[in-house]
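The sequence lines fix the lettering, A, B, ..., with proteins before strands; numbering per chain opens at 1.
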Number of protein chains: 2
Amino acid sequence: MTQDKGPRGFVKAEDVARLAGVSRSAVSRTFTPGASVSPAVRQRVQDAAKALGYRVNRLASSLISEKSHLVGVVGANLGTPFISRQLDQLSRGLLSRGMQCLLLNAADADQGIAPLIELILEFRVRAIVIMSGSPPSSIIDECRANGVRVILMHRESDDTATDVIMSDDVGGAKLAADRLLQARCKRPAVVSNGRGTQSQMRRRDAFVARMREFGLDTEIWASGTTSYETGAQAARDLLSDDRLDGVFCVTDLLALGFLDTAREMGRSVPGQLSLVGFDDIPQSSWLPYHLTTIRQSTSGIVASVLAAIERDARPGEAPIHHILPVELVERSTC
Amino acid sequence: MTQDKGPRGFVKAEDVARLAGVSRSAVSRTFTPGASVSPAVRQRVQDAAKALGYRVNRLASSLISEKSHLVGVVGANLGTPFISRQLDQLSRGLLSRGMQCLLLNAADADQGIAPLIELILEFRVRAIVIMSGSPPSSIIDECRANGVRVILMHRESDDTATDVIMSDDVGGAKLAADRLLQARCKRPAVVSNGRGTQSQMRRRDAFVARMREFGLDTEIWASGTTSYETGAQAARDLLSDDRLDGVFCVTDLLALGFLDTAREMGRSVPGQLSLVGFDDIPQSSWLPYHLTTIRQSTSGIVASVLAAIERDARPGEAPIHHILPVELVERSTC
DNA sequence: GGGATGATTGCACACGTGTGCATTCAATAG
DNA sequence: CTATTGAATGCACACGTGTGCAATCATCCC
């Protein structure tokens, strides 16, 4: 099978050409869809390539064709249920469409994600997908100037026109508020992390505004990271107030921590307290929880992202701004 | 800031050289650590580069230096708690060591992961990390022949020498068995998926063997995928037998589904039934579960993988074969 | 001051591939 | 049989970078 191919390096097209008795161009054309090669030559080339274990060098190939099939992905908290599901679907979609995923973890990005984006640009990627962090607009402008699409998920850039794809946080928060009102909630509270994440703040503010429309003031709790433990802490803090009867956690992970701790503190849910989450992660439908929540369609989001990537980047084009619908999932915490 | 840089393409070293009034070599050396450049020239080059928004083209750079800083990662079920945590830590570690992560999702790999590995090889990666799937040894041989390290996580290759890094499945299964025996278990069962995943089979077989050492026959349940729902199904199937008093689920995800369903069926855990899992995913320590389990050190595993990648690939070298210790985490399901 | 030494710098080649252009070849029509 | 057409093929250039080698320059010692 694997022939003796000399001590150094990979097999190159020239080696295949020599073995097949054709020019190097013929080899290149054989592996270029739509190029003009006779069936006979193509066959000889393919045989020779197989015998030698030849594979096209994407580095050289992308260098000459000025664009690669790489897509840069920036994300943090990759171990989290919602984000990991998103990454799973995104990486699958990219692969199935002939693109590859260059993943940079933004967890340790103390300087912000600008350095990560610069690094990605060095690979001459086709597009950049940002799942976490807020890129400075100077970098985004530079990407656009170089014809690299930038796609923001669940966030928007203040001053620069970018492709934006997110769920309907405002609509979802309203659904949550209305559901709690329907459960005759009089004393609402909202729980979010303390990082000022865009999507969480949108949900929080929309929830508060909706409640105010009905004359209710919402207690706001915001601290820590987006985690189960933070939700638990929120419960310990908020439930010192006995009259609290409706809580909206802007994330399911927060909601699950809140729910467990509330019950441990002796509150019955939904008896004394109604609870609504956001995301619909798999754990929310597990038996002990059965959490009423707002479902985001990750598959819809990912599909929109993929479509945005595949759009040809024409200079004057208006950026995409998709807001995907969400839905209330009735379970048993209201 | 961003100058008018002509209509086509990225800024190249030649543009910077022209603006700085030096040769292109000087530009290249400025961005090459350890190269010889005078401070004055370096400064002029850096200024010019900044003004033009120049970044080194990694494609060309890697092409000439014959090796990239890319590491290919193959994995499936990326939305799963254990695997996503692993990927999170791995991608962080790679980035912090100056390497980039080329992620290929193996979920849709009907033909096996060989095509994915071939694709990765086209990028002339430095190493390939396999989190899921069993690569045919022919491909692995080819990788080694080309100086690309292949690192298998949680599995080993039958006939080819490869770097292997896994947890001590056998030791962990013994710990699980011993813990159940300590709880006076007489009728044990083991639950695994139906896919024949290597690590799961090792745990299962070691558990069964250990029980047999003590004269106990273990009921074996194996079906479906590795999921919460599969664990629930196992409980429905197995708990028709009233006498079952000790269950080892080879994965926490299975264990949590099993636990919820067992309780819903009226079994008290740990009263009538003891349960041990494997992995120690975050959810296992959540309040409703508090699962007794075998903890894998993902940080230890990832550290070993990173060390393996960074080892210089010398031809004659013996492959790495690390088996990392696991520990019993006592909680309240035994 | 002259020669030696060491640091800088520019030239030119190499990396492996895609593709326009001219050339060759076979096939077809007249 | 000749002229025409279209496909197939090879040549040569281009992509953007790293680096060995030789040339240049400044510096230092005697």
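For the residue pair A:Asn77 / B:Asp88, no side-chain donor-acceptor distance below 3.5 Å is found, with atom types taken as modelled. A side-chain donor-acceptor contact under 3.5 Å links A:Thr298 and A:Gln89. Between the side chains of A:Asn146 and A:Glu142, no donor-acceptor pair is found at a separation under 3.5 Å.
Remark: B:His321 pairs with B:Glu156 by the side-chain hydrogen bond (donor to acceptor under 3.5 Å, both in side chains) rule, at least two apart or across chains. A search for salt bridge (Lys or Arg N to Asp or Glu O under 4.0 Å) contacts involving A:Arg97 returns A:Glu310, not counting sequence neighbours.
Residue contacts shown for A:Ser61 are limited to sugar-phosphate atoms, with no base heavy atom under 4.0 Å away. Contacts of A:Phe31 with the nucleic acid, taken as non-hydrogen atoms under 4.0 Å apart, are absent. Among the protein residues, A:Thr32 comes within range of the sugar-phosphate backbone only, with heavy atoms under 4.0 Å from sugar or phosphate atoms but none that close to a base.
Where B:Ser23 and B:Ile64 meet DNA chain C, the nucleotide closest to each residue was compared, and B:Ser23 sits on the side nearer the 5' end. In this structure, B:Arg24 and A:Tyr54 both approach DNA chain C, and ranking their closest nucleotides by distance from the 5' end singles out B:Arg24. Of the two residues near DNA chain D, B:Arg29 and B:Arg58, the one whose nearest nucleotide lies more 5' is B:Arg58.
Under the 4.0 Å criterion applied to side-chain N and carboxylate O atoms, A:Lys12 and A:Asp15 are not assigned as salt-bridge partners.
No side-chain heavy atom of A:Val74 sits less than 4.5 Å from a side-chain heavy atom of A:Met131.
A cation-pi arrangement, defined by a distance under 6.0 Å to the six-membered ring centre and an angle within 45 degrees of its axis, is present between B:Arg124 and A:Phe10.
The stretch residues 35-44 of chain B touches DNA chain C through B:Ser36, B:Val37, B:Ser38, B:Val41, each having a heavy atom within less than 4.0 Å of the strand.
Sequence neighbours left out, not one pair with a member in residues 103-128 of chain B passes ring pair (Phe, Tyr, Trp, His ring centres under 6.0 Å).
In the helix from C:dG1-D:dC30 to C:dG30-D:dC1, the rotation axis of the first five pairs and that of the last five pairs differ in direction by 30°, rounded to 10 degrees.
The minimum heavy-atom distance linking B:Ala20 with B:Ala48 is given by the pair CB-CB, 3.9 Å.
Of all nucleotides in DNA chain C, those with any atom nearer than 4.0 Å to a heavy atom of chain B start and finish, going 5' to 3', at C:dT8 to C:dG16.
Exactly one of B:Arg58, B:Gln100, B:Arg55 qualifies for a side chain to side chain donor-acceptor pair (under 3.5 Å) with A:Glu122. That residue is B:Arg58.
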